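Atom set for the values below is all heavy atoms of this structure, side chains included, hydrogens, waters and symmetry mates excluded. Values in this document were obtained by computation on a predicted structure and should not be read as measured data.
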Amino acid sequence: MSTHVAGYAHGPVVVVRSGPDTAHGEVVVGLEDYHACGPALRYAFEQAMLRASTLRALYAWQPLAHAHIPESAHDLDEIHATQCRSAAVILRGWRQRYPQVPVIEDVRRAHPVDALVRASAQADLVVVGSQGRGAIGTVMLGSVTLGVLHGARSSVAVVRP
């Protein structure tokens, strides 16, 4: 049911998980391509500000198949450094707009669903973006959004443009 609502709603949809009333003081947002994650970042920063919470901006990446070739194994550190720089660029303007929100830049070599679900264990809210629109919105939520909706241990906000 939650995927159906998240796929068709025109604004943010929050799926609330029942559980202990333990506040962690952290909002997690998944980072992706600079332009694609703008609405999710705006929502996550606003939620972190309203909750007086830390924002964990999680950027998960996986090496390309050719990165497993022995000659390129040393490049993984360089790829990770590049991903860290990308995350910093994505967050720069948002940090300036929301200077009161403490931000943790969390760049991990992992599948995005696994990383976000793991982070959800210590979060009050996980925010993910979704590009799906129209009658096939639920199908277009994307595998990361669907995976987080099904696996997260905290509440999840799905933010569509």
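The side-chain heavy atoms of Arg42 and Arg97, taken from C-beta on, include no pair separated by under 4.5 Å. Two residues are said to be in side-chain contact when any heavy atoms from C-beta on lie closer than 4.5 Å; Leu41 and Leu91 meet this criterion. A heavy-atom distance below 4.5 Å is found between the side chains of Val14 and Tyr43. Between Val126 and Val117, the closest side-chain pair of non-hydrogen atoms is not below 4.5 Å.
Here CD of Glu26 is found 8.0 Å from CG of Asp124. Values are rounded to the nearest 0.5 Å. Note that CD of Glu46 and CZ of Arg51 are 12.0 Å apart. Values are rounded to the nearest 0.5 Å. Atom-to-atom distance recorded for Ser120:OG and Leu58:CG is 10.5 Å, nearest 0.5 angstrom. Between Gln62 atom CD and Ile79 atom CD1 the span is 12.0 Å, to the nearest 0.5 Å.
Between Ile90 and Glu32, the shortest heavy-atom distance links the atoms CD1-O, 3.2 Å. Contact detail for Ala115 and Ala60: the closest heavy-atom pair is CB-CB, 3.8 Å. In plain terms, the two heavy atoms of Ala57 and Val103 that are nearest each other are CB-CG1, 4.5 Å. Listed here is the closest heavy atom pair of Ser53 and Val101: O-CG1, 4.1 Å. Across Ala40 and Val29, no two heavy atoms sit closer than the pair O-CG2, 4.0 Å.
Under the side chain to side chain contact (heavy atoms under 4.5 Å, CB included) criterion, Gln96 pairs with Arg92, sequence neighbours left out. Among residues two or more places apart in sequence or in another chain, the side chain to side chain contact (heavy atoms under 4.5 Å, CB included) test is passed with Val107 by Tyr59, Trp61, His80, Gln83, Cys84, Ala87. Residues that satisfy the side chain to side chain contact (heavy atoms under 4.5 Å, CB included) test with Gln122, not counting sequence neighbours, are His24.
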Item to check | salt bridge (charged side-chain N to carboxylate O under 4.0 Å, His left out) between Arg85 and Glu105, intermediate numbers included | outcome: CA-CA 10 Å; Arg85 286 189 296 275; Glu105 292 181 24; over 6 Å; no
Next on the checklist: Between Leu146 and Val113, is the side chain to side chain contact (heavy atoms under 4.5 Å, CB included) condition met? List the steps.
Outcome noted: CA-CA 9 Å; Leu146 289 172; Val113 173; over 6 Å; no
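Following chains of ILVMFWY side-chain contacts shorter than 4.5 Å, one cannot reach Ile104 starting from Met49, and the two form parts of different hydrophobic clusters.
Exactly one residue among Trp94, Tyr98, Phe45 makes a side-chain contact (heavy atoms from CB on, under 4.5 Å) with Leu55. That residue is Phe45. Partner Val156 forms a side-chain contact (heavy atoms from CB on, under 4.5 Å) with one of Val148, Leu125, Val127 and no other, that one being Val148.
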